[in-house]
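Before any comments, here is the structure.
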Amino acid sequence: QVQLVESGGGLVQAGGSLRLSCAASGSIFSINAMGWYRQAPGKQRELVAVSLSNDNTDYADSVKGRFTISRDNAKNTVTLQMNSLKPEDTAVYYCNLDFIPPGSYRHLEAWGQGTLVTVSS
């Protein structure tokens, strides 16, 4: 079993900053990617940022220049630093893990429970 534990959500005024963290634990042989998705009320879940195994990163256009994703491979953690937050960033943010369990070649996916980020205008 794999667990993702998220922390760092909350309420912030527009223009402010928040930092989300996610720690992965359990039966993990290797990690292909760790990232963050978000889902706003009435909208589909969307990719926010992802950190790949080759150290490349990718961001949604809406957060480029404001959000930074970083990963600690030794600790299996991923952090999302969110600056210059806007009301439209309000959503539940989910940590996502793309990994290979021990003794397998299959990629599996795990999700965190979600953490609410609310940006007031």
Side-chain angles (χ1 to χ4, degrees):
Q1 298 292 336
V2 171
Q3 286 188 324
L4 300 180
V5 178
E6 301 156 340
S7 61
L11 173 64
V12 65
Q13 287 189 331
S17 298
L18 281 175
R19 186 179 180 91
L20 304 183
S21 295
C22 173
S25 62
S27 299
I28 299 169
F29 174 70
S30 66
I31 294 176
N32 184 52
M34 291 187 79
W36 291 91
Y37 287 70
R38 68 185 180 188
Q39 187 166 18
K43 294 188 177 182
Q44 288 188 333
R45 190 174 296 189
E46 63 175 359
L47 174 69
V48 177
V50 63
S51 173
L52 303 173
S53 58
N54 59 4
D55 292 333
N56 286 347
T57 57
D58 195 20
Y59 297 88
D61 288 342
S62 59
V63 307
K64 283 181 180 176
R66 300 188 297 123
F67 291 11
T68 302
I69 190 169
S70 58
R71 191 166 131 191
D72 186 330
N73 292 322
K75 297 181 179 179
N76 287 347
T77 59
V78 65
T79 299
L80 185 68
Q81 178 66 42
M82 305 185 293
N83 298 328
S84 303
L85 282 161
K86 304 175 180 180
E88 51 263 43
D89 294 318
T90 295
V92 177
Y93 284 70
Y94 296 91
C95 180
N96 177 266
L97 175 69
D98 179 346
F99 71 103
I100 297 176
S104 174
Y105 293 99
R106 292 181 58 196
H107 282 257
L108 298 179
E109 196 172 37
W111 292 91
Q113 77 281 3
T115 184
L116 178 62
V117 171
T118 303
V119 184
S120 63
S121 57

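Values below: every heavy atom of this structure, side chains too, minus hydrogens, waters and symmetry copies. Everything numeric in this text was worked out from a predicted model, so none of it was measured.
Note: T68 OG1 to N83 CG = 6.5 Å, rounded to the nearest 0.5 Å. The OG atom of S27 sits 14.0 Å away from the CD1 atom of I100 when rounded to the nearest 0.5 Å. The CG atom of L108 sits 11.5 Å away from atom CG of N32, with the distance rounded to the nearest 0.5 Å. In this structure, CG in L116 is found 9.0 Å from CG in L11, a value given to the nearest 0.5 Å.
Ionic pairing of D89 and K86 is not present here: no N-O contact between side-chain nitrogen and carboxylate oxygen is shorter than 4.0 angstrom.
A donor-acceptor pair under 3.5 Å is formed between the side chain of R71 and the backbone N or O of S51. Panel note: side chain E6, backbone G114; a donor-acceptor pair is recorded below 3.5 Å. A donor-acceptor pair under 3.5 Å links the side-chain atoms of Y59 to the main chain of I69, judged by distance alone.
Taking 4.5 Å as the limit, some side-chain heavy atom of L97 sits within range of a side-chain heavy atom of I31. Counting heavy atoms from C-beta on, the side chains of W111 and R45 come closer than 4.5 Å. Side-chain contact between T77 and S21 is absent, with no heavy-atom pair separated by less than 4.5 Å. In this structure the side chain of R66 never reaches within 4.5 angstrom of the side chain of M82, judged on heavy atoms.
Placement of L18 and F67 within a single hydrophobic cluster is found when ILVMFWY residues are connected by side-chain heavy-atom separations under 4.5 Å, directly or transitively. The hydrophobic cluster containing W36 also contains V2, counting ILVMFWY residues as joined when their side-chain heavy atoms lie under 4.5 angstrom apart, directly or transitively. L20 and L47 fall into different hydrophobic clusters, defined by Ile, Leu, Val, Met, Phe, Trp and Tyr side-chain heavy atoms under 4.5 Å apart, directly or through other members. A continuous path of Ile, Leu, Val, Met, Phe, Trp and Tyr side chains, each step under 4.5 Å between heavy atoms, connects L52 with Y94, placing both in one hydrophobic cluster. The same ILVMFWY cluster, assembled from side-chain heavy atoms under 4.5 Å apart, contains both Y93 and V119.
Counting heavy-atom neighbours within 6.0 Å of Q3 CD, excluding the residue itself, gives a total of 12 or less.
Closest approach of S121 and P87 over heavy atoms only: CB-CG, 3.8 Å. Scanning all heavy atoms of the two residues, the minimum distance from Q113 to L4 falls at OE1-O, 3.5 Å.
Tested against D98, the residues M34, E109, H107 include a single side chain to side chain contact (heavy atoms under 4.5 Å, CB included) partner, H107.
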